[in-house]
Structures are given as structure tokens and as C-alpha cells.
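In what follows, a structure is listed as C-alpha cells, so that the remarks can point back to it.
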Amino acid sequence: MKKRIKVEIASFSRENAVSQKNGSGTFRYLLNNTDAWVDLILSKTALILATVIILAAVYGLAGSSSDLVKKDELEVIAIDLASNIDAAGSIHSITRDGVKTYSFDAYSGQLIDYDKMDISVSGEYVVCTFADNGHNISAARQLSYKTLPFSPIQLRILLNGQLGANGDRSHPVNSVFPYTDITEYLAITATEEFYLNTSKEVRIERASVFVTDGSEVNELEYVLVYQ
Amino acid sequence: MNLNMSSFISDDSAFLEPNNDIIATAMVVIGFVVFAAILSKTFIAFNDNSQALESYEQAAMMAKDIASSPSFQGSRPELISAEELDRIVDPSADKERYMFFQRFSPNLDFYVEAVTDDGNYQWTIAEGTVSRDGRDVIASSIPVVIELGSSARCVPGTITVKIMQNRWE
């Protein structure tokens, strides 16, 4: 038995030696080889590649889900502020003449760092933007009522400067129906976003701009948001 | 070649065996793709629903606001006056309608419907023409009591706010 194995090994190494001498022998050796190791290596490589791709996809999915959670938090912040502004604009708001205050501390975010977040109010939207490792996540919410990011004093100064009357009850602005000069001027000035300081409280109040066409006085209502 | 079941089972040439890991991988990949597709579909549906819910809340708030608006108030604060509704839907009452809608953001495309529950009376308050083709409509109604005429005949009715929104494409 031992002798036979020895003989076989000897013949194998002789064959090898011969084929190496011939030069093209390596190729023939590969062709004649029936161990299927090329097949094995190829399929294992494919398996490893597929595993890497699937793991990367799962990792990406998990990463994007944390982005989604952050976006949800941002949306909650934006909706909270926007609904407070809307509530001030509705008829039964208690802030008919008073000022309502809103502070960001009421909501304690878990993922959102207030220092890295920009929250702005314009005449049409509340926009929250959060800078997260180089890319921005934002959430926006439309406002239901006409909103101006000005303080009452700023509003009166603006109206006085542009239209010659500050629009309060005793100094109505002269304008004819449909008052496009006033509404468009205010809408255009309000498109500029007003960035809120999250450590200070936001003041929300209703303001009226009185307009007159000489015979009757009408009231245009706005919600003011300022700090 | 005889391809019946027994030859398939008793075949020991292992023509599938060397590739079974590739088949298994393919199944895992297909499974993962299907999983990701279902997940994203679910997320899109959830997002749509939460969007609709948000708009619904907005519509509900506006409906409540409009129902208590002093411009529609009847002889008592909780009544809606049909006369005032008639006045505001009148085609020549541009100014009244303007004053009614001026508080709301110009971005909102909406109209208000007031109907009595028996269906005899209906008022539609809209500023300009509101086109609704191909757009999502979000509506919210609240029950009100409408005071018909000066005889103080009161009937139940609803005020509906319909907000038109462009679809996400």
C-alpha cells in the first residue's frame, strides 16, 4: 500500500516536472485539473461581494432611517411653532389685543441640537433647517393666516415710510379697494425670512392695518411674529 | 433525454450543486429588494397620510374659525345668519368676500360651503375661481345652526372648508 502511494506521488511529480519543462504545460494542467477550485473561488468571491453590497444597503437604510427620525423631529418643531402662529390668527384667539409668547424650551429634542438648527419665519412659511454632518435636513410648514415677521413698531415704521400713514385706528392708510398697494408691499417685504433665536422667546400678536378710501374704514388683519 | 421526476431525483450528476450558493445569494438579494420596496411603499403611504392629516387639522381649525366669525353671526352668537351668507355669496359682493378672505394666507387655495342638513339651501363662498381638477381636496366640516330669514327659524347645517392642494408627483 505504502509503496503504491509512493509510486503515484513519484509519477505525479514526474508529470509535473515534464509539463513545466514543456512550457505550455501550466495551461494544460489547469485544463485537465478537475478539482473545481476556480469555480469555488469565483462563487465565494461572488458571495462575499453580495454580502458586502447587502450589508452596505442595510447600513444605508439604517442611516437614512435616523435621518427620517431627525426630519420628524424638525417637523414637530415647525408644526408646533406654525400652529401657535395660526392659533393667534384665528378669531377666538385670546390674544386679540395681547401678546402671546412661545418658547422653544417647551419641546426638548433628543436628536436635534438647537444650536445647529435654523428656524425662520417668513410671510408664508415656517422653515426649520438642521445642519447634520454637512448635509441639511429641513422641514417647512405653511401658515394659514397672513403673517409678517415684524414687530408692531417695525410695521408702523414701514407703513409710514412707504404709504405715508402708519395704519393704526387713528391714522388709516389711504387706499382704494382691493388695497393691492398695501397688501402687495407687505407681502413682498415679508418674503424675507426672519431667523429666530431659539434661546429667546418668540412674541406673536395680531395687528390690524386700517385702510380708508375716504368714505369708509376697513381693517386688514395680520399676525406679527417677532422677538 | 428523459426528464421525468424520478430521473430528476435519482440524478446524481450534481448539475445544481456547484452553483447552489449563487442561487441562495440570488434569493437573498431578491428578498432584500422586495423588503426594501415594501418598506419604501409603507413610508410613502405613511408620509401621504400624515400630510393629509396635517392639512385636515388646518382645514378643521379654519372651519371652526369661520363658523365663529362675527361676519356670519345671527341674532345670537352661536347662530349663523342665512342673510349674511346670502349677502356674501352675492356676485356683486366682491368687497365683502375680499374682506372675508383677506385674513387668510394667499397660498391657501380654499373655498367654504355652507349647507342646511335638509339640502334645501346651499352657499358656496369662493374668492375668484378655484380650480380643482387633478388636485387633492382636503375637507373638514363642523355642524352649525343656520338661522333662516328674520322669522328666527333655525335649521341644522354644516360649514365645510375645502382646501385644494397640488399632488406630489
Side-chain angles (χ1 to χ4, degrees), chain A residues 36 38-40 42-44 46-51 53-55 57-58 60-61 64-65 68 71-72 75 78-79 82-83 85-87 89-93 123-125 141-147 176-180 182-184 187 190 206 208-209 211 213 216 218-223, chain B residues 14 17-33 35-36 39-40 43 46-47 50-51 53-55 57-73 77 94-110 127-128 161 163 165:
Chain A
V38 177
D39 192 25
L40 183 84
L42 276 179
S43 62
K44 295 302 170 210
L47 268 181
I48 292 168
L49 273 178
T51 315
I53 291 169
I54 289 175
L55 281 180
V58 169
L61 211 68
S64 69
S65 87
L68 285 180
K71 192 169 161 56
D72 274 355
E75 266 171 11
I79 288 171
S83 59
I85 296 173
D86 281 352
S90 75
I91 293 230
H92 21 232
S93 93
E124 291 162 2
Y125 295 97
R141 166 83 191 199
Q142 204 179 23
L143 293 166
S144 311
Y145 297 97
K146 279 187 181 161
T147 305
V176 285
F177 179 77
Y179 320 116
T180 37
I182 301 172
T183 51
E184 279 187 6
R206 260 164 85 170
S208 298
V209 175
V211 287
D213 56 0
E216 63 171 339
N218 274 314
E219 185 182 3
L220 302 176
E221 285 173 43
Y222 286 93
V223 180
Chain B
E17 182 59 27
N19 302 316
N20 63 0
D21 45 3
I22 289 175
I23 295 166
T25 316
M27 285 172 83
V28 168
V29 170
I30 291 167
F32 182 75
V33 168
F35 166 74
L39 201 72
S40 70
F43 175 72
F46 162 76
N47 213 24
S50 61
Q51 188 103 24
L53 194 67
E54 256 175 47
S55 307
E57 278 171 5
Q58 198 173 19
M61 186 203 67
M62 284 162 60
K64 205 175 145 198
D65 186 12
I66 287 164
S68 55
S69 152
S71 50
F72 295 149
Q73 196 178 305
D94 279 342
K95 197 166 180 178
E96 279 74 10
R97 274 199 298 279
Y98 178 85
M99 291 315 290
F100 173 74
F101 284 106
Q102 57 85 15
R103 292 189 302 128
F104 299 99
S105 167
N107 284 347
L108 283 177
D109 218 355
F110 73 101
E127 200 181 28
V161 170
I163 302 180
Q165 273 189 341

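Just so it is clear, the values below take in all heavy atoms, side chains as well, and ignore hydrogens, waters and symmetry mates. Chain identifiers are assigned alphabetically (A, B, ...) following the order of the sequence lines, protein sequences preceding nucleic acid strands; residue numbering begins at 1 within each chain.
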Q. Who among N107(B), V28(B), L108(B) has the most heavy-atom pairs with chain A under 4.5 Å?
A. N107(B)
(Q) Please classify the contact of L68(A) with chain B as side chain, backbone, both or neither, using a heavy-atom distance under 4.5 Å. (A) side chain
Q | For chain B, the option from I53(A), V223(A), D86(A) that forms the most heavy-atom pairs under 4.5 Å | A | D86(A)
Q. Residues in ring pair (Phe, Tyr, Trp, His ring centres under 6.0 Å) with F104(B), at least two apart?
A. Y145(A), F110(B)
Q | Part of Y222(A) within contact of chain B (heavy atom distance under 4.5 Å) | A | neither
Q.
Just so I know, are the side chains of Q58(B) and S83(A) near enough to count as touching, which here means a heavy-atom distance under 4.5 Å?
A. no
Q: Examine whether an atom of L220(A) lies under 4.5 Å from a heavy atom of chain B, and if so say whether it belongs to the side chain, the backbone or both; otherwise answer neither.
A: both
**Q.** Heavy-atom closest contact (E219(A) atom, Q102(B) atom, distance)
**A.** O-NE2, 3.3 Å
Q. Under 4.5 Å between any side-chain heavy atoms of Q51(B) and F46(B), yes or no?
A. no
Q | Under 4.5 Å from a heavy atom of chain A, the part of I163(B) involved | A | neither
Q. Which atoms of T147(A) come close to chain B, meaning under 4.5 Å heavy atom to heavy atom: side chain ones, backbone ones, both, or neither?
A. neither
Q. Side chain, backbone, both or neither: which part of E57(B) has a heavy atom under 4.5 Å from chain A?
A. neither
**Q.** For E124(A), salt bridge (charged side-chain N to carboxylate O under 4.0 Å, His left out) partners two or more places apart
**A.** none
(Q) Determine whether E75(A) and R141(A) satisfy the following criterion, salt bridge (charged side-chain N to carboxylate O under 4.0 Å, His left out), listing intermediate values before the conclusion. (A) CA-CA 8 Å; E75(A) 266 171 11; R141(A) 166 83 191 199; over 6 Å; no
Q | Pick from A46(A), A50(A), A57(A) with the largest number of heavy-atom pairs that fall under 4.5 Å of chain B | A | A57(A)
Q) Can you check whether Q142(A) reaches E54(B) side chain to side chain, under 4.5 Å on heavy atoms? A) no
